Amino acid sequence: MTARARSFGLVCGTLPPGSLNAITDVPGLRVGHRTIREGAIRTGFTAILPHDGDMFREKLRAGVEVINGFGKSAGLVQVAELGQIETPLLLGNTLSVGTGFNALVTRALAANPDIGRETGTVNPVVLECNDGWLSDIRARAPTEADAFAALDAAATGPVEEGAVGAGTGMSAFGFKGGIGTASRLLALDGHSYTLGVLVLANFGQAADLVLPDGRRPVPPEVPAPPPPERGSVIIVLATDIPMESRQLTRVARRCGAGLARLGAFWGHGSGDIALAFTTAGRIAHHETADLVPLTALNESRIDLPFRAAAEATQEAVLNAMLAAPDTTGRDGHRRPALADMLAASRS
């Protein structure tokens with residue numbers, strides 16, 4: 001069984017988690033991975049499919065917060081401007097952004113023959129972190145076929161965490177990082193709603209990690225002073241709460257509070273990006289009405305999803321780190337497992 005924060009008695013915040021404590025607690029949302037481990041390669045793709053329809057035809061409201069912009073993700077300018085996403089989301093390494101972009105374009109063109117002819121083009125969203133410490137990123141190993149494999153593997157249910165998919169070669173706070181997820185349940189107007197987070201954790205300066213119980217685990221053999229913080233983190237937040245894109249941007253911003261609770265300070269060389277979307281209320285590509293109805297969260301109730309975003313982000317990062325095993329990669333570079341250190345401290 002994969003280790004998670006709660007199996008070590010680490011609880012983040014006060015709101016209850018969903019049944020899976022994962023982004024897939026949001027109804028209809030699917031996650032898939034394609035993992036590549038060959039020679040000096042430790043990389044892959046992770047795909048998030050927000051709904052089972054055609055995302056180009058039925059877009060979703062979204063917002064993006066660039067916490068620190070040292071990154072090369074694709075598609076975020078249009079998300080910030082229009083407040084919509086219109087493709088599945090792909091996560092990968094920095095030099096595979098173009099490959100992921102092409103794969104999403106290929107799928108969108110195949111499903112929509114009018115793209116680039118009778119209608120506009122498509123805005124793929126591909127998010128990235130640099131896995132070059134553990135993986136030979138210069139090899140540019142991920143292919144479009146690998147991206148398709150991640151998309152085709154997407155499923156509901158438990159999400160595989162740790163050194164999988166895009167997280168295969170990632171590091172966090174000097175330990176092995178990767179993919180992690182968590183969720184929170186919220187009550188609004190007598191109904192239960194879900195907010196879920198999935199992170200690609202590749203950030204944090206060694207010796208800065210702070211656990212919810214106050215402990216500060218330090219990886220072995222950390223040089224003094226530790227190397228500069230040059231990682232990145234991608235946070236994807238999904239919810240079924242009806243919200244405007246402006247509200248989603250506000251909620252995405254609070255994911256940064258979850259990072260800060262862990263000891264992160266969003267270093268100069270770190271690309272820290274949070275993208276939030278709601279599955280409530282799809283936006284038709286060929287809408288004919290001049291005015292469209294919109295149900296949205298009462299602004300005075302937004303503190304609840306703010307809290308949920310911070311808590312779920314903090315726990316998702318810990319789940320990523322605790323699920324990831326001790327890993328040796330390119331040129332013998334190694335990242336120890338946080339779970340091994342915490343397990344040893346119990347004995």
Side-chain angles (χ1 to χ4, degrees), residues 40-44 46 64-77 80 90-98 100-101 125-140 142 163 166-180 198-210 216-219 221-236 252-275 313-314 316-318 320-321 324 327 329-336 338:
I41 305 300
R42 306 284 186 277
T43 195
T46 293
V64 61
E65 174 69 10
V66 178
I67 301 169
N68 193 69
F70 203 108
K72 289 82 178 170
S73 295
L76 299 184
V77 171
L90 275 176
L91 283 62
N93 75 49
T94 308
L95 299 187
S96 69
V97 170
F101 185 101
V125 175
V126 186
L127 304 152
E128 57 79 28
C129 293
N130 183 349
D131 59 11
W133 173 257
L134 289 174
S135 184
D136 181 5
I137 195 170
R138 288 174 59 89
R140 293 187 290 174
T168 306
M170 302 299 173
S171 307
F173 293 101
F175 293 97
K176 182 68 186 73
I179 294 288
L198 182 143
V199 300
L200 179 58
N202 188 56
F203 72 106
Q205 192 168 37
D208 280 357
L209 178 63
V210 181
R216 302 177 67 101
V218 178
E221 302 177 5
V222 174
E229 213 284 78
R230 290 185 179 141
S232 294
V233 59
I234 298 300
I235 307 159
V236 177
R253 189 171 300 134
R254 271 59 186 188
C255 294
L259 302 180
R261 289 179 180 182
L262 293 161
F265 59 89
W266 317 329
H268 163 68
S270 190
D272 307 330
I273 294 170
L275 186 148
T313 299
Q314 180 187 18
V317 172
L318 290 173
M321 297 177 67
T327 298
R330 176 184 67 83
D331 296 335
H333 292 173
R334 174 177 172 263
R335 292 298 190 205
L338 176 61

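Index from 1, following the sequence. All of these numbers come straight from a predicted model, not from anything done at the bench.
- In this structure, the side chain of Thr46 engages the main chain of Ala166 through a donor-acceptor pair within 3.5 Å.
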TODO: Determine, stepwise, if the pair Val317 / Ile235 fulfils side chain to side chain contact (heavy atoms under 4.5 Å, CB included).
DONE: CA-CA 9 Å; Val317 172; Ile235 307 159; over 6 Å; no

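- The shortest side-chain heavy-atom distance between Val199 and Ile179 does not fall under the 4.5 Å cut-off.
- Heavy atoms only, all atoms of each residue included: Leu209 and Pro217 are closest at CD2-CG, 3.7 Å.
- No more than 12 heavy-atom neighbours from other residues, nucleotides or ligands sit within 6.0 angstrom of CZ on Arg230.
- Closest heavy-atom contact between Val97 and Ala74: CG1-CB, 3.8 Å.
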Open item on the list: Before you tell me yes or no, could you show the steps for Val236 and Leu127 under side chain to side chain contact (heavy atoms under 4.5 Å, CB included), namely the whole-Å CA-CA distance, both residues' side-chain angles and the distance that decides it to 0.1 Å?
Closed with: CA-CA 9 Å; Val236 177; Leu127 304 152; 4.0 Å; yes

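- Of the possible donor and acceptor atoms, none in the side chain of Ser232 sits under 3.5 Å from a partner among the backbone N and O of Cys129.
- Nearest heavy atoms, Val126 versus Gly100: CG2-C, 3.7 Å.
- Between the side chain of Asn68 and the backbone N or O of Ser270 there is at least one donor-acceptor pair closer than 3.5 Å.
- When the side chain to side chain donor-acceptor pair (under 3.5 Å) test is applied to Thr43, the partners found at least two apart in sequence or on another chain are Asn93, Asp131.
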N/O donor-acceptor pairs under 3.5 Å from side chains in residues 169-177, not counting sequence neighbours:
from	atom 1	to	atom 2	distance (Å)
Ser171	OG	Arg335	NE	2.9
Lys176	NZ	Gly167	O	2.9
Lys176	NZ	Thr168	O	3.2
Lys176	NZ	Met170	O	2.8

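- With sequence neighbours left out, Val77 forms a side-chain contact (heavy atoms from CB on, under 4.5 Å) with no residue at all.
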TODO: Before giving the answer on side chain to side chain contact (heavy atoms under 4.5 Å, CB included), spell out for Ile137 and Asn130 the whole-Å C-alpha distance, their side-chain angles and the decisive distance to 0.1 Å.
DONE: CA-CA 8 Å; Ile137 195 170; Asn130 183 349; 3.4 Å; yes

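- Counting only heavy atoms from C-beta outward, the side chains of Leu275 and Val125 approach each other to under 4.5 Å.
- Remark: side-chain polar atoms of Thr313 are not paired, donor with acceptor, to backbone N or O of Gly258 under 3.5 angstrom.
- Taken from CG in Leu259 to CZ in Arg254, the straight-line distance is 13.5 Å, to the nearest 0.5 Å.
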- [ ] Could you give me the CA-CA distance, side-chain angles and deciding distance for Ser73 and Ile234, then say whether side chain to side chain contact (heavy atoms under 4.5 Å, CB included) is met?
- [x] CA-CA 10 Å; Ser73 295; Ile234 298 300; 4.2 Å; yes

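- Judged by distance alone, with hydrogens and angles left aside, the side-chain atoms of Arg42 form no donor-acceptor pair with the main-chain N or O of Arg330 at under 3.5 Å.
- In this structure, the side chains of Leu76 and Ile273 come closer than 4.5 Å at one or more pairs of heavy atoms.
- Of the possible polar contacts, one joining the His333 side chain to the Trp133 backbone as a donor-acceptor pair under 3.5 Å is found.
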